[in-house]
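Beneath this line is the structure, given in structure tokens, with notes to follow.
All chains are named by letter (A, B, ...) in the order of the sequence lines, taking the proteins before the strands, and each is independently numbered beginning at 1.
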Amino acid sequence: MSEDVPVAIIAAHGDLAKGFVSAVEQITGRGKLFIAMTNSGLGASEIERALIELVDSRNIRVIFTDLPAGSCTIAARRVLAGRPDMILVTGTSLPLLLDFMSHEELSPADAATHAVDRAVRSLTAVPGAARAH
Amino acid sequence: MPIDLYRIDDRLIHGQVVVGWGQPLNLGFIVLVDDEVAGSEWEQELYRMGVPPEMDVFFATPDDAARQLEQWQSDQRPGILLTGDIETMSRLIQLAPSIKAVNLGGIHHRAGRTLKLRYVYLSPQEEEALRKLEEDGIVVTAQDVPSARAVPLNDVLHGEAER
């Protein structure tokens, strides 16, 4: 993954994708690795069309989406049909994106798979506790 | 319990349906009425993916849906019936007069359509089809999520809802 060249699309509801890119930029300075896309105001076919345009024009092989049953995911799955070299990751989180971008030695698909494993393990529920004095 | 919502939404099954409506309604099933999806295993798998396992999804053509509607309406679980366009919902209502209310959940921009609400764009033919539904006694309102106001069709058509 070279600097400033987008390698993946983040497609999500509202301004979530833009927020992810902003967070990646703040933490690593490499937010430009991701292209943010919103589904706001778009019908199903428009979301699919927008994804195809980005994938084909920027040679993108990885799409991150938010909800597994969301319209971005449905559209992305349509885009993946006939593109076996692509991979879709749903349930995107910041730990997932950060892990993905830190494995430049891997293929995009392998980096995405590695990131999913790491992101799942990053989910924790921390109960409150009495303050120790 | 009758089906809670008869919704026209060109995204069909998506976040607003599964989460936005699904959680507050404690949705038990979704009926997706669409000729293309009903005829394609691949399309059905696409829409089934991501729906919680405890939620059933049924796929049907308008004809099949009309035949099975009574059975779904008598299901004890809350349900939503979806079509992707006004024409399909109108066809279903002609076959199933027990449907008395229709929700406009998402009809997005396309050539020939004009903006009515943030999430509702209509062509003149679609406006006419919705007026016809109301003339036939169907209550038509626009409401994308449960927390939003249900906007009467007249306000939708005059683009007055968000002024």
Side-chain angles (χ1 to χ4, degrees), chain A residues 9-20 36-55 62-84 86-93 96 112-113 116 119-120 123, chain B residues 8-23 27 30 32 34 36-37 40-57 80 82-86 104-123 126 144-145 162:
Chain A
I9 298 165
I10 306 170
H13 291 79
D15 291 329
L16 182 59
K18 205 159 67 172
F20 275 135
M37 187 188 131
T38 179
N39 64 357
S40 292
L42 301 179
S45 54
E46 285 78 29
I47 299 169
E48 184 181 345
R49 197 173 308 129
L51 281 172
I52 288 172
E53 192 177 318
L54 287 172
V55 163
V62 183
I63 301 174
F64 294 99
T65 63
D66 47 9
L67 291 178
S71 54
C72 292
T73 301
I74 301 280
R77 286 198 69 190
R78 292 185 189 283
V79 172
L80 260 64
R83 291 180 173 85
M86 288 194 65
I87 190 163
L88 163 68
V89 180
T90 69
T92 299
S93 67
L96 180 126
T113 304
V116 167
V120 167
L123 292 169
Chain B
I8 301 170
D9 188 332
D10 56 20
R11 294 181 182 178
L12 297 173
I13 295 175
H14 66 111
Q16 276 182 1
V17 171
V18 176
V19 181
W21 288 92
Q23 289 185 350
L27 208 59
I30 297 170
L32 198 169
D34 186 275
E36 187 184 347
V37 179
S40 166
E41 284 289 330
W42 190 84
E43 290 281 338
Q44 292 174 22
E45 176 54 30
L46 192 60
Y47 286 107
R48 200 176 274 119
M49 178 192 137
V51 174
E54 65 274 16
M55 198 181 288
D56 284 330
V57 185
I80 287 182
L82 294 170
T83 71
D85 54 44
I86 295 164
L104 307 179
I107 303 170
H108 292 89
H109 182 263
R110 178 186 296 175
R113 284 179 177 164
T114 56
L115 173 68
K116 300 298 176 186
L117 278 177
R118 176 176 43 81
Y119 55 90
V120 177
Y121 293 72
L122 299 172
S123 69
E126 289 169 326
D144 55 349
V145 291
E162 293 181 329

Using atom types as modelled and no hydrogens or angles, find all donor-acceptor pairs between chain A and chain B shorter than 3.5 Å.
| residue | atom | partner | partner atom | Å |
| --- | --- | --- | --- | --- |
| Asn39(A) | O | Arg11(B) | NH2 | 2.5 |
| Leu42(A) | O | Arg11(B) | NE | 2.9 |
| Leu42(A) | O | Arg11(B) | NH2 | 2.6 |
| Arg78(A) | NH1 | Glu43(B) | OE1 | 3.2 |
| Arg78(A) | NH1 | Glu43(B) | OE2 | 2.6 |
| Arg78(A) | NH2 | Glu43(B) | OE1 | 2.7 |
| Arg78(A) | NH2 | Tyr47(B) | OH | 3.0 |

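- Residue Val19(B) touches chain A through its side chain alone, counting heavy-atom pairs closer than 4.5 Å.
- Ranked by heavy-atom pairs under 4.5 Å with chain B, the first of Leu42(A), Ile47(A), Leu67(A) is Leu42(A).
- Contacts of Ile74(A) with chain B are made by both backbone and side-chain atoms, with heavy-atom separations under 4.5 Å.
- With sequence neighbours excluded, the residues satisfying side chain to side chain contact (heavy atoms under 4.5 Å, CB included) with Val57(B) are Ile13(B), Val51(B), Phe59(B).
- Ile87(A) pairs by the side chain to side chain contact (heavy atoms under 4.5 Å, CB included) definition with Val62(A), Ala109(A), Ala112(A), Thr113(A), not counting sequence neighbours.
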